[in-house]
Amino acid sequence: MSLISAQMKEQIEGGSWIRRMFDAGIQLKRQYGEDAVCDFSLGNPDLPPPASVAKGLRDLAEHAGEPFSMGYTPNGGSEWARNSLAAYLSKEQGIEIKGQDLVLCCGAAAGLNVFFRSVLEPGDQVLSFRPYFVEYGSYVRNHGGVFDTVPSKPDTFQLDLDALEAAITQKTRAIIINSPNNPTGVIYTLEEVKALAALLEKASRKNGRPIFLIADEPYRFLAFDGAKVPSVLPLYDYAVLVSSFSKNLSLPGERVGYVALSPRMEGRAELIAALCVANRILGFVNPPIVGQHLMAAALGTQVDASVYARRRALMADVLKDAGYEFQMPAGAFYFFPKAPGGDDLRFVNEKLMPQLVLAVPGTGFGGPGHFRLAFCVSEDVIERSREGFKKALRS
Ligand SMILES: Cc1ncc(COP(=O)(O)O)c(C=O)c1O
C-alpha cells in the first residue's frame, strides 16, 4: 500500500529528465571517475559569488549575536530590503517601482508558486511557449490551474503569437515568458514583447478579466554580444516580473528572489497583500533573512559574466567542429542543438552517454528533436568533451 497521493506518485514516476540525467551522472562518475565524465546536465552555476556576497555575509556576522538578527521578517520581506530592490529595479525597468509593488520570496520558483496561489481559480489556464522550463507545469498544477503550451517558431524559437492567440480561452489567466530562455538561450526582442502585450490587452478585454504576463527572468544578467533584454513592467499593465539572485550572484542555495508588479497595474495593493499571505500559508513564512541581507549588499554586482562568454565560444567551437546544427544562444548558459537523427532520447542515451557526455533530451522541455547542454562547467570539461561529441555523431 502506498502512503502517498496518486498525484505525487505520478510526479515521482514522471520524474524530470534533468534529474534523471543528474542521477545517471552520479552513477557514471562512480564507475569511471569524476574527471572522465563531461556533465552538461545541470544548470547549477559553478562560478563563485561576487566579492560583495562574502562581504555582506561578514558584515552580517558582526551583528548575528543581536536579538532578532535572525528573526522572522514580514512575509513579503523586510521594508529596507524591498525598498532597496525597488530602487534597483526602477533603474533596470525604466519605470518607478516602489517597495510596496514587490514581494521577496524563496527564489523565482517560490515567486511563481505564490503568484499562482494568489490569482488562480480552479481550472484557470496558464500558457507558455515550448520548449519551456519544465517546472512551470508543476507550479501551476500545485494551485489548481491547468498548464498548456504553444509552440515557439521553428528553429529560431521566437514567440509564435498566432499560436498563442489561437490557444487563449476564457479560462486563460496568465502567460509565462522566459527570456533569456532556458533551454534555448533565446532573448525576445522589444518588438515581440510589445506585440505580445498588445495581443494580451485585446484578449483581456474580450475575456472581461486581465490576463497576466509573467516574465520569468533569472538569466537576465547573462546576455551576450551586447544583446538587450526588454523590460516588461512598463510595457503592459498586468506585467509581472519574477526573478531571483540564484544565477547572477551564484546563490541558488540561499533561495532569494522576488515578484514585482507593474506600477501601471490597477488593484495591485490587494495582489501584493495576497502574495504576502501566500508566502505565509505555503509555509515559506518569509524569504530567508540572510538572503535578504546578501541581496541588499550585492545589488548591482554579479558574477564574472566574461567566464560564461568564453565558455559559450568554446562550446560553439566544439559543436561546430563536430558538425552539430545549433543556434548560438543570445543569453543564459544553455545550448539547444538539434539531435542528429531527430530522436533526442535515443541520441542522448545511446550515443552521447556511452561517450560519457551528459545532456538533457529536449523532450524533457517539450522540445523533442533537440538536446540541452548547460555550460556552467569549466572550459576544461568543454574541451574534454570534443572527441565524445564527434564520436557520438559518427556512431
Ligand atoms: C527558467 C527558470 N525559471 C525559474 C528557475 C527557478 O530558479 P530559482 O528558484 O532558483 O530562482 C530556474 C532555475 O533553474 C529557471 O531555469
Side-chain angles (χ1 to χ4, degrees), residues 16-19 21-22 40-47 49 53 77 85 102-117 126 128-140 142 147 149 152 157 159 174-188 213-223 229 232 240-260 275 278-279 282-284 287-288 290-292 294-295 298 302-303 308 329-336 360 362 364-367 372-377:
S16 110
W17 270 105
I18 302 177
R19 219 61 226 180
M21 298 313 290
F22 179 69
F40 299 104
S41 64
L42 259 198
N44 192 8
D46 64 320
L47 297 191
V53 169
L85 178 58
L102 60 86
V103 297
L104 297 172
C105 331
C106 299
L112 291 164
N113 273 281
V114 297
F115 186 76
F116 294 137
R117 181 70 178 81
V126 177
S128 193
F129 292 87
R130 297 193 293 275
Y132 62 98
F133 177 57
V134 73
E135 301 290 35
Y136 292 154
S138 303
Y139 299 163
V140 170
N142 281 344
F147 180 68
T149 60
S152 45
F157 300 116
L159 299 175
I175 311 295
I176 315 177
I177 56 170
N178 168 223
S179 170
N181 187 272
N182 173 11
T184 64
V186 163
I187 294 176
Y188 304 129
L213 171 58
I214 304 171
D216 175 31
E217 295 190 352
Y219 303 97
R220 185 185 184 90
F221 76 105
L222 200 51
V229 184
V232 290
V240 179
L241 175 63
V242 178
S243 192
S244 75
F245 302 93
S246 294
K247 316 285 173 171
N248 69 341
L249 297 179
S250 274
L251 269 189
E254 183 46 27
R255 314 304 306 134
V256 59
Y258 56 89
V259 179
L275 294 170
N279 249 351
L282 289 177
F284 302 120
V290 174
Q292 293 185 54
L294 297 186
M295 176 205 77
Q302 63 174 48
V303 296
Y308 286 126
F333 39 56
Y334 306 102
F335 276 78
F336 202 58
V360 183
F365 306 91
R372 190 193 78 169
L373 301 168
F375 57 93
C376 26
V377 294

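Every number for a ligand or one of its atoms is a count from 1 in the order of the listing.
- Within the listing of ligand 1, atoms 1 (C) sit less than 4.0 angstrom from a heavy atom of N178.
- Side-chain contact check for I177 versus Y188: some heavy-atom pair is nearer than 4.5 Å.
- Proximity of S128 to I175: side-chain heavy atoms (C-beta onward) are nowhere separated by under 4.5 Å.
- Distances below 4.0 Å separate heavy atoms of G107 from the following atoms of ligand 1: 9 (O), 11 (O).
- F245 and Y258 have tilted rings, their planes meeting at an angle from 30° to 60° on a 0 to 90° scale.
- Taking the six-membered ring where tryptophan is involved, the planes of F333 and Y308 are tilted, since the angle between them lies from 30° to 60°.
- Checked against the 6.0 Å centroid criterion, the rings of Y139 and F116 do not qualify as a close aromatic pair.
- Not one N or O on the side chain of S179 forms a donor-acceptor pair closer than 3.5 Å with the backbone of N181.
- At least one side-chain heavy atom of L159 sits less than 4.5 Å from a side-chain heavy atom of F129.
- Nearest non-hydrogen protein atom to atom 7 (O) of ligand 1 is A108 CB, 4.2 Å.
- Residue K247 approaches ligand 1 through these ligand atoms, each under 4.0 Å from one of its heavy atoms: 13 (C), 14 (O).
- Listed for the R372 side chain is a donor-acceptor partner under 3.5 Å among the backbone atoms of S41.
- Between Y136 and F133, the two ring planes are perpendicular [angle over 60°; tilted spans 30° to 60°].
- Looking at ligand 1, you won't find any N or O of C106 less than 3.5 Å from one of its N or O atoms.
- Around the CZ atom of R220, the shell of radius 6.0 Å holds more than 12 heavy atoms that belong to other residues, nucleotides or ligands.
- For atom 11 (O) of ligand 1, the closest non-hydrogen atom on the protein side is S244 OG, 2.6 Å.
- By the criterion of a heavy-atom distance under 4.0 Å, neither the backbone nor the side chain of P252 is placed next to ligand 1.
- Checked by distance only, ligand 1 and Y136 stay at 3.5 Å or farther apart across all their nitrogen or oxygen atoms.
- Using a 4.0 Å cut-off between heavy atoms, E135 makes no contact with ligand 1 at all.
- The nearest protein atom to atom 10 (O) of ligand 1, hydrogens excluded, is given as S246 OG, 2.6 Å; this is a heavy-atom distance.
- At the top of the distance list for atom 3 (N) of ligand 1, counting protein heavy atoms only, stands D216 OD2, 2.6 Å.
- Note: no N/O pair closer than 3.5 Å links Y334 and ligand 1 by distance alone.
- No part of S243 comes within 4.0 Å of ligand 1, judged by heavy-atom distances.
- The closest protein non-hydrogen atom to atom 12 (C) of ligand 1 is F133 CZ, 3.4 Å.
- The closest protein non-hydrogen atom to atom 16 (O) of ligand 1 is Y219 OH, 2.7 Å.
- Counting the atoms of ligand 1 from 1 in the order shown, those under 4.0 Å from a heavy atom of P218 are 2 (C), 3 (N), 4 (C).
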